[in-house]
Q: 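This is the structure, below, for whatever I ask next.
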There are 2 protein chains.
Amino acid sequence: MNWIEGVIGTLNKERHRITRPRSNLLHIIAGYRSPFTAEQLYADVQGKHPSIGRATVYRTLDLLHSRGWLARVHRDDGEHAYVVADSRHQHYLVCKACGDVTAFEGCDVDSLLGGLARRLGFEIEGHWLEAFGRCRRCSHTSTPA
Amino acid sequence: MNWIEGVIGTLNKERHRITRPRSNLLHIIAGYRSPFTAEQLYADVQGKHPSIGRATVYRTLDLLHSRGWLARVHRDDGEHAYVVADSRHQHYLVCKACGDVTAFEGCDVDSLLGGLARRLGFEIEGHWLEAFGRCRRCSHTSTPA
DNA sequence: GTCACTGCAAAAGGTTTGCAACGGA
DNA sequence: TCCGTTGCAAACCTTTTGCAGTGAC
C-alpha cells in the first residue's frame with residue numbers, strides 16, 4: 001500500500017484531488033503484478049465500478065505516468081503497457097509466458113553506454129532497456145505458471 | 001543502394017513481386033537518415049507518387065520489418081518509428097535534437113543481462129536497448145544540426 | 001494465366017477532447 | 001465557493017481488412 005500512499009501524497013502536494021474514481025483506480029492499479037494496458041485497466045474497473053469512464057482511466061494513467069508513478073513498458077507488438085514503479089530508474093525483465101515483470105536496477109548499462117557515448121561524442125540523456133524471455137517458473141514448464 | 005539490392009534479393013528469393021509501388025517505397029525509405037513513422041512515409045510518398053495507397057505503405061513496412069530490413073524504434077511518446085537496418089542485432093542512439101540515429105553493435109548488454117538472468121533464473125530470449133540524447137553535432141550547438 | 005499485390009473504402013482499435021455537471025478542499 | 005475532475009459522446013489518429021481489379025513473373 002506504500003505506493004498508493006506515495007501517490008496520494010504527491011497529488012495532495014500538487015493540489016490535485018483525491019476523488020473517488022481516482023482512488024478506485026489507484027487501488028486496482030496497485031494490485032497488478034504484471035504490465036497492464038489502459039484498456040485492460042478500463043475493463044477491470046468496469047467490473048468493480050461501472051460508472052467510471054474510459055476518459056478518466058486514460059487521464060489518470062497519464063497523470064501517474066507523467067509523475068513517474070507508472071513506467072511504460074514496450075510490448076512486443078508495440079502496444080504500450082504500464083507497470084507500477086517507484087521513482088528510481090529501473091529496467092524490466094518481462095516474461096513472455098506469464099507476463100510477469102521483474103524490475104532490476106544496478107544499472108551497469110550506464111557505464112556501458114558511457115563508454116560508447118564518449119567514443120561517439122554522443123551526449124546521453126536517457127535510455128531504455130528491456131529484456132524478454134521466460135521467468136524461472138515458466139522456463140520449467142511448458143505452460144504459463 | 002546496397003540495402004535496396006538486399007531487399008530485392010530477399011523478395012525475389014521468397015517469390016514476392018517487385019512491383020512499382022513497392023519499388024518506389026524502397027527508394028524513399030532508403031533515403032531516410034532518421035527514424036520515420038508510417039504516416040510520415042505515406043505523406044512523403046504522396047508527394048512523389050500520389051497513387052500509392054496507405055494500405056500499401058503499411059503492408060510494405062510490415063513485410064520489411066518482418067524480414068529484418070527495418071528495425072522498430074520506440075519514440076519517447078511510444079509511437080513506433082522505423083529505421084533502415086541490416087540483419088545484425090543492433091541498438092540505437094537517437095538524437096533528440098536532430099533525430100539522427102546511430103546504430104551500434106558490440107553488444108556487451110548480452111553479458112550484462114546474462115549474469116542477471118542467471119541470478120534470477122530468467123531465460124532471456126531477446127532484449128531491447130535504446131538511448132536518447134544529443135549527437136556530437138547537436139551537443140555543440142543549441143539548435144539542431 | 002496465375003496469384004501476389006494494389007487502391008479504395010470501410011472498419012477496427014486505441015486515445016483524446018469538448019462540454020456541462022459534479023464534488024473535493 | 002472555486003476550480004480540478006468526471007462521464008459521456010463524438011472526434012481523432014493510426015492501423016487493419018475485405019474486395020474486386022491489376023500487373024509481375
Side-chain angles (χ1 to χ4, degrees), chain A residues 4 7-29 35-67 69-70 72-82, chain B residues 4 7-29 35-67 69-70 72-82:
Chain A
I4 294 188
V7 174
I8 291 181
T10 303
L11 294 183
N12 272 329
K13 219 176 302 173
E14 299 185 2
R15 307 239 175 328
H16 284 293
R17 290 172 185 166
I18 316 302
T19 61
R20 174 146 293 252
R22 201 108 98 181
S23 167
N24 289 334
L25 282 170
L26 287 181
H27 283 271
I28 292 181
I29 291 173
F36 60 95
T37 63
E39 283 302 309
Q40 188 179 335
L41 174 57
Y42 176 63
D44 290 346
V45 164
Q46 286 305 87
K48 301 184 183 177
H49 312 281
S51 67
I52 295 181
R54 196 178 247 106
T56 300
V57 170
Y58 279 91
R59 286 187 277 228
T60 302
L61 285 176
D62 219 47
L63 183 65
L64 295 178
H65 177 240
S66 70
R67 297 304 185 280
W69 291 105
L70 286 180
R72 266 202 224 264
V73 179
H74 297 138
R75 287 240 171 119
D76 286 23
D77 54 4
E79 192 181 4
H80 17 281
Y82 297 87
Chain B
I4 293 189
V7 173
I8 291 181
T10 303
L11 294 182
N12 272 329
K13 218 176 301 172
E14 298 184 3
R15 306 243 177 325
H16 285 293
R17 290 171 185 168
I18 316 301
T19 60
R20 173 145 293 252
R22 200 107 98 183
S23 168
N24 289 333
L25 282 170
L26 288 180
H27 283 271
I28 292 181
I29 292 173
F36 60 94
T37 64
E39 283 302 309
Q40 187 179 336
L41 174 57
Y42 177 62
D44 289 347
V45 164
Q46 286 306 87
K48 302 184 184 177
H49 311 281
S51 67
I52 295 181
R54 197 177 246 105
T56 299
V57 170
Y58 279 90
R59 286 188 277 228
T60 302
L61 286 176
D62 217 49
L63 182 65
L64 296 177
H65 177 240
S66 70
R67 297 304 185 283
W69 291 105
L70 287 180
R72 264 201 225 265
V73 179
H74 297 138
R75 287 242 172 117
D76 286 22
D77 54 3
E79 192 181 2
H80 17 281
Y82 297 88

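In what follows, every chain begins at residue 1, and chains take the letters A, B, ... in the order their sequences are listed.
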Q: Could you check how far OH of A:Tyr82 sits from P of C:dG14, rounded to whole Å?
A: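 The distance from OH of A:Tyr82 to P of C:dG14 comes to 13 Å, rounded to the nearest Å.
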
Q: Going by the rule side-chain contact (heavy atoms from CB on, under 4.5 Å), which residues pair with A:Asp62 if we only count those two or more places apart in sequence or in a different chain?
A: none

Q: Sequence neighbours excluded, which residues qualify as side chain to side chain donor-acceptor pair (under 3.5 Å) partners of A:Ser51?
A: none

Q: In whole Å, I'd like the distance from the CG atom of A:Asn24 to the P atom of D:dT6.
A: 11 Å

Q: Tell me: CG of A:Leu11 to C1' of D:dT5, nearest whole Å?
A: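 About 12 Å, once rounded to whole Å.
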
Q: What residues form a salt bridge (charged side-chain N to carboxylate O under 4.0 Å, His left out) with A:Arg67, not counting sequence neighbours?
A: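 A:Arg67 satisfies salt bridge (charged side-chain N to carboxylate O under 4.0 Å, His left out) with A:Glu14 once adjacent residues are dropped.
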
Q: Residues of residues 43-53 of chain A with any non-hydrogen atom less than 4.0 angstrom from an atom of DNA chain D: list those, numerically ordered, please.
A: A:Ser51, A:Ile52, A:Gly53

Q: Using side-chain contact (heavy atoms from CB on, under 4.5 Å) as the criterion, list what pairs up with A:Thr19, not counting sequence neighbours.
A: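 Applying side-chain contact (heavy atoms from CB on, under 4.5 Å) to A:Thr19 gives A:Arg17, A:Pro21, A:Arg22.
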
Q: To the nearest angstrom, how far is B:Leu41 atom CG from D:dT14 atom P?
A: 13 Å

Q: Give the rounded distance in Å between these two atoms: NE2 of A:His65 and C1' of C:dG14.
A: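 My rounded result for the distance is 17 Å.
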
Q: In whole angstrom, give the distance that lies between atom CD of B:Glu39 and atom C1' of C:dG14.
A: 15 Å

Q: Starting at CG of B:Leu25, measure out to CG of B:Leu63 and round the result to the nearest 0.5 Å.
A: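 The distance works out to 11.0 Å.
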
Q: For the side chain of B:Ala38, starting at C-beta, report the closest nucleotide among D:dT6, D:dT15, C:dT6.
A: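 Closest nucleotide to the B:Ala38 side chain: D:dT15.
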
Q: By salt bridge (charged side-chain N to carboxylate O under 4.0 Å, His left out), which residues pair with B:Arg54, not counting sequence neighbours?
A: B:Glu39

Q: Identify, with sequence neighbours excluded, every residue that meets side chain to side chain donor-acceptor pair (under 3.5 Å) alongside B:Thr10.
A: B:Trp69

Q: What is the per-nucleotide protein-contact pattern of nucleotides 16-25 of chain D, from the 5' end, where B denotes a base atom under 4.0 Å from a protein heavy atom, S denotes such proximity for sugar-phosphate atoms only, and - denotes neither?
A: BBB----BBS

Q: What distance do B:Leu61 atom CG and B:Tyr42 atom OH have between them, rounded to the nearest 0.5 Å?
A: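 Answer rounded to 0.5 Å: 13.0 Å.
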
